[in-house]
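Remember, it's 1-based here, ligands and their atoms both numbered in the order they're listed. Heavy-atom basis, side chains included; hydrogens, waters and symmetry copies ignored. One is the number of the first residue; the rest follow in order along the sequence.
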Amino acid sequence: MNKPKMTTEKGVPSNSRVLMLLGQLERLNREAMLADAEIGRQITAKILHLIQTQEKTRKEIMSKGSSGMEVILATLENTQDLQTILNILYILNELLTVGGGRRVGVFVSKGGTGILLQLVLSGSKESLPSEELMLQLHSLLAKVGPKDRKFGVKARLNGALNVTVNLLKQNLQNHKLLLPCLQVLRVYSSNSVNAVSLGKNGVLELMFKIIGPYSKKNTSLLKVSLDTLGALLKSKTNARRAVDRAHVPVLLYIYQDWHRNDTRHRHMLIRKGVLGCLKNITNIKLGRKAFIDADGMRILYNTSTECLPVRTLDPLINTSSLIMRKCFPKNRLPLPTIKSVFHHQLPHVPAGGPVAQLYNQPLGVDDVVDESDDNDDVETENDTENEEEDKDHHARNDDIETDINKLRPKETNSRPFEELKIYERFFLELSEDFQRFNFDNPKSGVTATPAAPKSQRPIIVPTAQALPPKYPTAAPLQEECHLAKGEQPHPEASPLAPAPTPAPVHTLDTINITKDHDGCCDHSQVRPQPGLEQELVQGMERVALEGTGPQGGAGGGGVNRHYRQPPLLAGGVAAQQGGGAEETLAEEWAEEEGGEGAVLEVPDTALLLPLHDPDLYVEMVKSTRSVPQYSEVAYPDYFGHVAPTFREHILERVYGVQSPLPPYRTKIFQDIERLIHPNDILDKVVYDLDIQSCPVIDDGESLKFNSQFESGNLRKAIQARKFEYDLVLNSDINSNHYHQWFYFEVSGMRVGAPYRFNIINCEKSNSQFNYGMQVLMYSVQEAISGRPRWVRTGTDICYYKNHFSRSSIAAGGQKGKSYYTMTFSMTFNHKDDVCYFAYHYPYTYSTLKMHLQKLEALRTPQIYMRQDILCETLGGNSCPLLTITAMPESTSNDQICQFRNRPLVFLSSRVHPGETNASWVMKGTLEFLMGSSPLAHSLREAYIFKIVPMLNPDGVVNGNHRCSLSGEDLNRQWQSPSPELHPTIYHTKSLLQYLAAIQRAPLVFCDYHGHSRKKNVFMYGCSLKETVWQTNISATSCELHEDLGYRTLPKILSQTAPAFSMASCSFVVERSKEATARVVVWREIGVQRSYTMESTLCGCDQGKYKGLQIGTRELEEMGAQFCVALLRLKRLTSPLELRNHAHLLDVESDLIETRCKVSSSPSTYVLEDEEHSFMEEVDYSAESGDEPDNDPDAADPHDNRLSDSESNNHRDSLT
Ligand SMILES: [Zn+2]
């Protein structure tokens, strides 16, 4: 036989029979000889036969470079002969069945889809359409459709949609044809325009004819129909149609029927398909209503409960719980208003913004819920979900500053030097000549106290509230004898001398304090609750102090109102705030109760906590001003916190598709049970600040709550079930949101009972509580047994969106938002305990004052330390400013000159009250700076430190999370702070402006913060270059000339501080941060090394502390390491120094070793949470399309710049 020659590609045998046949076919096409049907039929039949019998022929046709597919498609397009067409369709079916996506891809790219759709249309026009043709065409389309992104559009434009639908309608009993048609329909339906059009054509009804109650027959048909239906119901119109035609009860019925009969769980996918339909219908309000009306909650709750034991049914439970949560009726937060309970009258209201809005809100407006809250937003958002994500992504990039002018130093100094000159008095060291001091004999005990500042008073700006200074620690700068180096300072009045002297005792419920009598207020008397005595005094030495009952005399008898209740362990230590009418009560009480009673011991922590002194603490509290006029002291702040020596691991969570978050699911189901079994819900208010006389229920059936002490934050507590409480946090003062920080007291607990606490008005869309962070608890029983400490505690901790709706007022105009619940479970170990819970280790303003006073006592003749009052806050508290450096060695010119010319380091902290970790880091810094180590000494000789340790005392005192009393985030006010509304920021910035004006801008500026969503400690800095690189702005190369010095300090920290992570640092300048300390100090003051240092609230996922939750020890260590890093920075910036102090480098590494003693070996625990993937599982909102899961701060209602402190969208961070 004469074999025709064919052009072939490399590697393909030229004698291939199939290629020869294809060559013949190609010639037929070219020569228009297909008219001769018989030849075409024969050739295609031969090819088909080869393909069916020889695997290699398929490969030959589909091999790269082969034109086989073109030839086949061209033939299909040209021929009119049905048999030839069928042959080719068989060939294609054979070819495309194997080989995966690539072959289909080739088919699609050669235009195969269009040809098939054309054949569908032309075939349907035949008077008697060939069933076989339609069957083959649809089988092929079912294979090709999902791989062709334009398939839906092509089919619609071509008119094939209706052909398929009509075919279905006519062949409902013809299962052979039905299946491929349904498969094609399923692909059509995934296009939203098609879905609407198909809905109009009655396809919904068609699907309901196919799906039905349990049957073992035709399950694949059923499955495809359900998928198709599910896809169609994504359209709002179709969902409404389904509701109108009462399909919701039908679907529920079908679901139950399958649930009952599919006992061996062979048809999980069908059951999931039904749920998928319900899930989409309930995206619309009508759908949710229909679901509730059809008793859907109970049905899904019951079926889910029955599914719980079977692990493979988890997807059903998850989808069910998702639907139930979506349909759960939105509740009103149980509050009269979301405005903060306490209000502070401002000197003037800011012209615009959220505070003005709050003040201008007409009376009687309900700000808790919107009128019609349950709207259809869910679906609107769902439709644009992907777009939103894109937008969000762009928004993140958009936040990077692209205006090169805003990245250049700001030239104009807005303030004349004359105006700044008043700040000179805070920089006495820059002009100090030390002529008064005797340097010849430093060891003689001669005081080397720097000249007392000429003014201890804060700067009073004429328009500001002119309150007299009352900061108590500022005074004692007299000439007094200072302790020699090495000697332990001994606070003269402190009764907490080192053991074995028995510590003095204090009452558990009252300590009476006279406000005006210094030194005579630490008389304590003990009055524990009858019956508690045994417990409380067990194992303790009783030492009764003299002095009984409340102090008499003017101003001495005040007692807070909690004394009206029977004496309880609860209630904290009372620090009385002055006399008045309450005196009478106090006297009554004194008569009734007398002063006798058991004696309780204050834990002796003097050795462990050198900066802590309970009596001094109470003394400090007396001068602290709070808006609610707190008169109690919380035990933890009084006793102090001794960091535990054991490790506290980040909770290991079980993630995974098989069993997502069992604790989470259990909690959700408990929430749903409230609806299913409403009679089980007590709904008993046990604590409520909105009621004038906050009820304290003491019937033995409920826990008692309290948060009326410094930094406390709890607005309301409702007992939901016997051992379950809903808690509501108060908004920041003069605000209607910003709650996250909490600190409250619980008492009256039963030992071993499984308590569940739910904080129900959280705002952020995610939290480290979902990634292994635990709450902190402090037990008074533990404290008086010698373990005064906060410990990480709580089990089954989850954070999730709840069913309490958030009004548009509270959500920046967005409707349909919800709050989030943070829930944890807890069993108490001690009877009659008083326990405290907090978001993070509390650090009050009074604690700071106590620490500063104690630090001052550490001053040696070598240390120059000064405390000034920078200014008064709106609430009448003083803002301390510290100056720390080394005394000059002599009064020689050289020495004085060196002293005055030391570079400055400017540190600040706690602008955000909820970030208590920042204060603990600051404590570590201060303690190191005042220390006696050679390193500390070198550091003091190297720099002058200017420190504002608490930029927002009012916020801290009043339990705010983020704002000051002005209701604003102070870290967004640095561009133009108001002297009246933001005095601490105004004056801190002025100090820096003064320094810039005298050419003494600091070498380093760093503001300490806490970060709620990231792990580790890290820094944000400012770099023009790195910002420009992230954007498309064109900048000339000279503009991009930038010293890399800003990276040095974080780099050093990453090498020395175990908690620090360089990988988390960023040096990009964002628009949303243009008014933060970091950016303003960089740009306006010209400080190249201007930073925000962020410390995690949770723990570390790298380094030595990997897998551990962070504690005060690690935070304080971080503060000390920061100092060490500054010393290294100094050496790197001045090489000469290095030579002189080379020996110190060893000391330095020693120190680094010894200070890090918390965990001796690296933890082997490997953190498994991939936080983003976890997010997808836990946050059902992503799936329901309820809201795009932005950075919560980006969705901040009032100001999208209100990202948490220094965090931002771009970095997905909060601070
Ligand atoms: Zn912050």
Side-chain angles (χ1 to χ4, degrees), residues 399 711 713 732 735 737-742 763-764 767-768 773 839-843 845 848 907-923 925 948-956 958-964 966-974 977 982 984-985 988 1005-1022 1064-1066 1070 1072-1082 1090-1098 1110 1115 1118-1119 1122 1191-1194 1196 1199-1215:
D399 191 35
S711 292
N713 186 355
D732 281 5
S735 162
H737 67 137
Y738 296 111
H739 17 75
Q740 186 167 354
W741 166 257
F742 57 85
E763 293 169 309
K764 290 172 185 289
S767 160
Q768 283 289 330
M773 182 166 85
Y839 180 61
H840 198 73
Y841 303 90
Y843 190 105
Y845 171 63
L848 173 74
L907 306 176
S908 60
S909 170
R910 206 72 189 280
V911 71
H912 293 140
E915 299 165 6
T916 56
N917 44 358
S919 277
W920 289 98
V921 176
M922 182 54 88
K923 176 177 183 265
T925 295
V948 184
M950 197 171 273
L951 280 167
N952 189 357
D954 289 345
V956 171
N958 293 296
N960 281 7
H961 176 64
R962 192 160 185 89
C963 300
S964 73
S966 78
E968 294 163 297
D969 181 344
L970 288 180
N971 204 30
R972 293 295 182 280
Q973 311 301 331
W974 279 76
H982 325 112
T984 59
I985 304 302
T988 306
F1005 170 85
C1006 188
D1007 191 20
Y1008 294 178
H1009 284 255
H1011 204 288
S1012 68
R1013 302 220 306 175
K1014 290 176 102 174
K1015 294 199 165 70
N1016 309 316
V1017 181
F1018 51 94
M1019 275 178 154
Y1020 293 141
C1022 303
S1064 306
C1065 295
S1066 167
E1070 311 87 340
S1072 61
K1073 300 299 161 54
E1074 64 175 8
T1076 61
R1078 163 179 64 106
V1079 176
V1080 170
V1081 172
W1082 171 70
S1090 175
Y1091 306 103
T1092 296
M1093 186 162 79
E1094 306 272 2
S1095 299
T1096 180
L1097 289 156
C1098 175
I1110 201 121
L1115 293 166
M1118 187 62 230
F1122 185 83
D1191 183 325
D1193 289 339
D1196 194 284
D1199 177 351
N1200 41 18
R1201 281 185 287 154
L1202 289 174
S1203 319
D1204 219 342
S1205 128
E1206 268 291 281
S1207 64
N1208 68 58
N1209 309 337
H1210 167 62
R1211 293 174 186 140
D1212 192 28
S1213 61
L1214 309 182
T1215 302

Heteroatom of His912 nearest to the Zn ion (ligand 1) (N, O or S, atom name):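 Of the nitrogen, oxygen and sulfur atoms in His912, the Zn ion (ligand 1) lies nearest to ND1.
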Residue His1009 atom name (nearest to the Zn ion (ligand 1); N/O/S):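 Of all N, O or S atoms belonging to His1009, ND1 is the one nearest the Zn ion (ligand 1).
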Short side-chain to backbone donor-acceptor contact, Gln740 and His961, under 3.5 Å: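 Side chain of Gln740 to backbone of His961, a donor-acceptor pair under 3.5 Å: no, none is there.
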Side-chain (Asn958) to main-chain (Asn960) donor-acceptor, under 3.5 angstrom: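 The answer is no, because no donor-acceptor pair under 3.5 Å joins these two groups.
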From NE2 (His1011) to CZ (Phe1018), nearest 0.5 Å: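 Interatomic distance, His1011 NE2 to Phe1018 CZ, rounded to 0.5 Å: 4.0 Å.
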Pairwise side-chain contact, Ser1090 with Arg1078, heavy-atom cut-off 4.5 Å (strictly under):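 Result yes, sub-4.5 Å side-chain heavy-atom pair found.
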N/O/S from Glu915 sitting under 2.8 Å away from the Zn ion (ligand 1):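 So Glu915 counts as coordinating the Zn ion (ligand 1), yes.
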